[in-house]
Amino acid sequence: REAGDMTHLFSIIVLLLKINATKSCSGVSLKTQELYLLVFVTRYLDLFQSYISLYNSCMKFIFIVSSGCIIGYMRKHKVVSQTYDAEQDTFRVAFLVWPSFLLAAVINQKLSVMEILWTFSIYLESVAILPQLVLLQRTKNVDNLTSNYVFLLGSYRGLYLLNWIYRCLTEEGYRQWIVWISGLLQTAIYCDFFYYYLKSWRKNERLSLPS
Amino acid sequence: RRKSWDHDEL
């Protein structure tokens, strides 16, 4: 789990570094970033309500603030916002948000606002990368930092799968089907990307996804 | 009833 959380954190750091160092967000999907902010805000509503550990609270805070930062850069920064590929980033996010919400309203562990929003965030996270993957496919020369960002982000839920297997074996009664199935789907969505990422990495070439 | 591990991941 620690490795999963760290790759998640690194992915965000890599993206912030890329944007800040190159003053460019080309190849980065604003739609995916906005979906992630929605995921973090709806999942971490309990930040001030239930306390698990200082570690958890800090990470929640970092995830919300950093994704807000990235969105701020992409929308408001004089130089960076000019480099956003708005014409290419056309994924219809309503097709991800509404089905996730409806599914959360129907399939959840407890019928309460907080629980439904939490479940919604789990469902939405599993598909939030899709606009970014579509944009990558449309981008001819994907820069290394952007592809590293997506690779790290994909590795994160993959490592969580190992964490869940471990916890399932060591903790009595540890079951969370909603999270597991969504996590499996989330990792599966990256399979195709992983294949081309590792292929280009082995050949020492820039990544370009076939259309 | 909330289980001890519920929502304890990120």
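Every chain is numbered from 1, with letters handed out A, B, ... down the list of sequences.
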Self-check item: Heavy-atom side-chain contact between A/K110 and B/D6 under 4.5 Å
Solution: no
Quiz prompt | Nearest heavy-atom neighbours spanning A/R167 and B/D8 | solution = NH2-OD2, 2.9 Å
Quiz item: Do A/K60 and B/L10 have side-chain heavy atoms sitting under 4.5 Å apart?
Solution: yes
Self-check item: Contact listing (chain B partner; residues 144-161 of chain A; heavy atom under 4.5 Å)
Solution: A/Y156, A/R157, A/Y160
Quiz item: For atom CZ of A/R206, is the number of surrounding heavy atoms from other residues, nucleotides or ligands below 6.0 Å larger than 12?
Solution: yes
Quiz prompt | Pairs involving residues 106-132 of chain A, ordered by first then second residue, that meet ring pair (Phe, Tyr, Trp, His ring centres under 6.0 Å) (sequence neighbours left out) | solution = A/F101-A/F120, A/W118-B/H7
Exercise. Answer yes or no: are there more than 12 heavy-atom neighbours, outside A/Y51 itself, under 6.0 Å from its atom OH?
Key: yes
Quiz item: Which residues in residues 20-28 of chain A have any heavy atom lying under 4.5 Å from a heavy atom of chain B?
Solution: none
Exercise. Tell me, please, which residues at least two apart from A/Y174 pass side-chain hydrogen bond (donor to acceptor under 3.5 Å, both in side chains).
Key: A/Q176, B/E9
Quiz item: Has A/F95 got more than 12 heavy atoms of other residues, nucleotides or ligands less than 6.0 Å from its CZ?
Solution: no
Quiz item: Checking heavy atoms, do the side chain of A/D5, its backbone, both or neither come under 4.5 Å from chain B?
Solution: side chain
Self-check item: CZ/A/F10: more than 12 non-hydrogen atoms of other groups inside 6.0 Å
Solution: no
